[in-house]
Amino acid sequence: MSDGLEDVVAAHTVMSEVDGQRGVLIIRGHSLDELAGRARFEDLASLLFSGFFDDLPSDLTAALGAARVEVFSEVAGLDTGLLDRSPIEAMRALTARLADGDDLATALRLLAAPAVFTAAVVRGQAGEAPVPPDASLPHAADILRMLRGKPATQAQIDALDTYLVTVSDHGLNASTFAARVIASTRAGLTSAVLGGISALRGPLHGGAPGPVIEMLDEIGQPANARAWIESALARGDRLMGFGHRVYRVRDPRADALKTAVRKMSEGSNVRPGRVAFAEAVEAAALAILKEHKPDRALDTNVEFYTALLLEALDFPPAAFTCVFAMGRVAGWIAHAREQVAGGRLIRPQSIYVGPQPRQAA
Ligand code: CMC
C-alpha cells in the first residue's frame with residue numbers, strides 16, 4: 001500500500017468517474033462536456049442528490065433561494081475576530097454555526113452556506129455591509145449580486161454556473177473522502193461538510209488557484225516565464241495549477257473553464273490580453289515540467305483556469321477556495337448521503353512501526 005492510498009479503492013459510488021488515462025470526467029451518467037456551460041448549479045445539485053433524499057423537489061431553485069435567506073441570519077456572527085481570519089476560515093466558522101442533521105432542509109442550508117457566507121466575508125473584509133440574498137434569483141446570479149451589491153451580466157452568471165458545475169464532484173478526492181469518513185460515523189451532514197471544507201483548503205487540493213494569480217502577477221510578462229518557473233522549481237516549489245494525482249493527461253476541467261473564460265472575454269469581462277498571457281505561461285510551464293520530470297506526466301489541472309475565471313468575476317484570490325467549496329459542497333453532501341445509505345463505518349488499519357515497551361528484566 002502506498003502512503004497516498006492511490007492503490008486503494010475505498011468506495012463504490014454512483015456520483016462520478018474520473019478517468020485519468022483518457023482525461024474524462026463523468027458525473028452521474030453525464031460527461032463534463034454535456035454539463036459544463038449547459039447545466040445550472042441547481043440542476044447539478046438535483047442530479048447529485050437524486051435518489052438520496054425522499055422529498056427532493058424537481059427544481060431546487062426556490063428551495064435553495066429560501067435556504068440562502070435562512071442561513072443569512074448567521075452572518076450576524078461575523079465579528080471582527082473572524083474578519084481578521086482568512087476567508088475560508090471565516091466561512092467555515094459561520095458554517096459551523098448550522099445545526100447538524102441528515103434531512104433535505106439541512107442539505108439545502110449547507111448548499112447555500114459557502115455562497116452566502118463567502119460573499120458576506122469578502123464584503124466585510126473590504127469594509128462593506130453584507131448584501132442579503134434574493135430568494136427569487138438563481139443561485140449563481142444571487143452569489144454575484146451578494147458579492148458586488150449589483151446584478152451581474154448573463155455572461156458572468158453563466159461563467160460562474162460553468163465553474164460551480166465543473167467542480168461539483170470529482171471521484172474520491174481528499175475532501176470528499178474526508179466527508180465520507182465523517183458521514184460513515186453517522187455524525188451528520190454539517191460535520192461532513194465542515195470536514196470537506198477543512199480538507200479542501202490545502203494547496204495540494206483546493207488552495208492552489210489563489211497562488212496561481214500570485215505566480216502570474218510575479219511573472220508579469222511572457223518573456224519572464226521561463227526564468228521565474230525554473231527558479232521556482234530549483235527552490236523545490238511545485239507549480240500551482242499543474243499536476244494531478246489521477247490525471248496523466250490534461251484535466252478536462254481545465255478546458256471547460258478555459259472555454260468559459262474565453263466566452264466571458266467576448267463581453268470584455270476579462271482583462272485585455274489576460275488569456276493570451278496565461279496561455280503563454282501555461283505553455284512555458286508545461287515545457288519546463290517536461291524537462292524537469294521527464295518520467296512523470298504533469299499537465300494543466302483545473303486550478304489554472306479557475307484562477308482566471310474567478311479573477312474576472314471579481315472574487316479576491318484569497319477567497320478562491322471558498323468558491324471551490326460553493327460548488328464541491330454538492331458533491332460532499334451527495335457522497336455523505338450515499339455513504340450513510342450503503343456504507344459501513346470507515347475504519348482502516350495501520351501498521352505500528354514505533355518502539356515496543358521494554359520487557360521487564
Ligand atoms: N510542480 C512541480 N513538480 C510537481 C508538480 C508541480 N505542480 N506536481 C507534481 N510534481 C512532482 C512532485 O514533486 C514529484 O516529484 P518527486 O518524485 O521528485 O518528489 C513528482 O512530480 C510526482 O508527483 P506526485 O507526488 O506523484 O504528485 P501527487 O499525486 O502526490 O500530487 C498534486 C498531485 C496535485 C498534489 C501535485 O501535482 C501538486 O502539488 N500540484 C500543485 C498544486 C495544485 O495545482 N493543486 C491543485 C490540484 S487539482 C485540484 C483537485 O482536483 O484537487
Side-chain angles (χ1 to χ4, degrees), residues 1-8 15-21 23-25 27 32 36 88 163-179 195-216 219 225-226 228-258 278 281-282 284-310 317 320-332 335:
M1 183 206 73
S2 99
D3 278 353
L5 301 186
E6 52 261 59
D7 48 0
V8 172
M15 297 306 162
S16 59
E17 180 180 56
V18 181
D19 183 334
Q21 302 301 326
V24 174
L25 168 61
I27 302 178
L32 180 62
I88 191 119
Y163 174 72
L164 297 176
V165 164
T166 297
V167 301
S168 62
D169 199 53
H170 199 240
L172 209 55
N173 59 88
S175 59
T176 299
F177 184 48
I197 295 170
S198 302
L200 184 72
R201 70 174 297 220
L204 301 193
H205 188 8
V212 168
I213 294 292
E214 284 165 30
M215 172 175 75
L216 293 177
I219 291 174
R226 176 163 277 273
W228 190 97
I229 292 166
E230 281 177 345
S231 76
L233 293 177
R235 282 195 306 272
D237 292 354
R238 289 183 177 202
L239 294 185
M240 295 293 127
F242 297 91
H244 198 272
R245 172 57 62 82
V246 180
Y247 292 118
R248 289 294 160 265
V249 293
R250 193 175 170 83
D251 182 336
R253 300 170 300 173
D255 285 328
L257 299 185
K258 188 172 169 181
V281 172
E282 181 190 12
L286 292 176
I288 297 163
L289 283 170
K290 214 170 186 172
E291 295 159 18
H292 178 72
K293 288 271 165 226
D295 301 331
R296 178 86 162 123
L298 296 173
D299 214 319
T300 315
N301 68 44
V302 65
E303 305 289 39
F304 192 75
Y305 286 101
T306 289
L308 250 61
L309 188 143
L310 298 185
F320 284 179
T321 311
C322 297
V323 194
F324 196 160
M326 291 180 203
R328 184 57 58 84
V329 67
W332 295 330
H335 275 271

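In each ligand, atom 1 is the first atom listed, and ligand 1 is the first ligand listed.
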**Study point:** Steps toward side-chain contact (heavy atoms from CB on, under 4.5 Å) verdict (Asp251, Thr300)
**Key:** CA-CA 6 Å; Asp251 182 336; Thr300 315; over 6 Å; no
Those residues with a heavy-atom separation under 4.0 Å from ligand 1 are Pro203, Leu204, His205, Ala208, Leu233, Arg238, Leu239, Met240, Gly241, Phe242, Gly243, His244, Arg245, Arg253, Leu289, Lys293, Arg296, Leu298, Asn301, Val302, Glu303
Steps toward side-chain contact (heavy atoms from CB on, under 4.5 Å) verdict (Leu216, Leu308): CA-CA 10 Å; Leu216 293 177; Leu308 250 61; 3.6 Å; yes
Which atom pairs, donor and acceptor, lie under 3.5 Å between side-chain atoms of residues 322-329 and protein residues at least two apart or in another chain?
unit_1	atom_1	unit_2	atom_2	d
Arg328	NE	Val167	O	2.7
Arg328	NH1	Asn173	OD1	3.1
Arg328	NH2	Val167	O	3.2

Please report the C-alpha distance between Tyr247 and Asp299 in whole Å, then the side-chain angles of each, then the deciding distance to 0.1 Å, and finally whether the side-chain contact (heavy atoms from CB on, under 4.5 Å) criterion is met. CA-CA 8 Å; Tyr247 292 118; Asp299 214 319; over 6 Å; no
In short, Ser175 meets Ala199 closest at the heavy-atom pair CA-CB, 3.6 Å
- Does the side-chain contact (heavy atoms from CB on, under 4.5 Å) test come out yes or no for Arg253 and Leu32, once each step is laid out? CA-CA 8 Å; Arg253 300 170 300 173; Leu32 180 62; 3.7 Å; yes
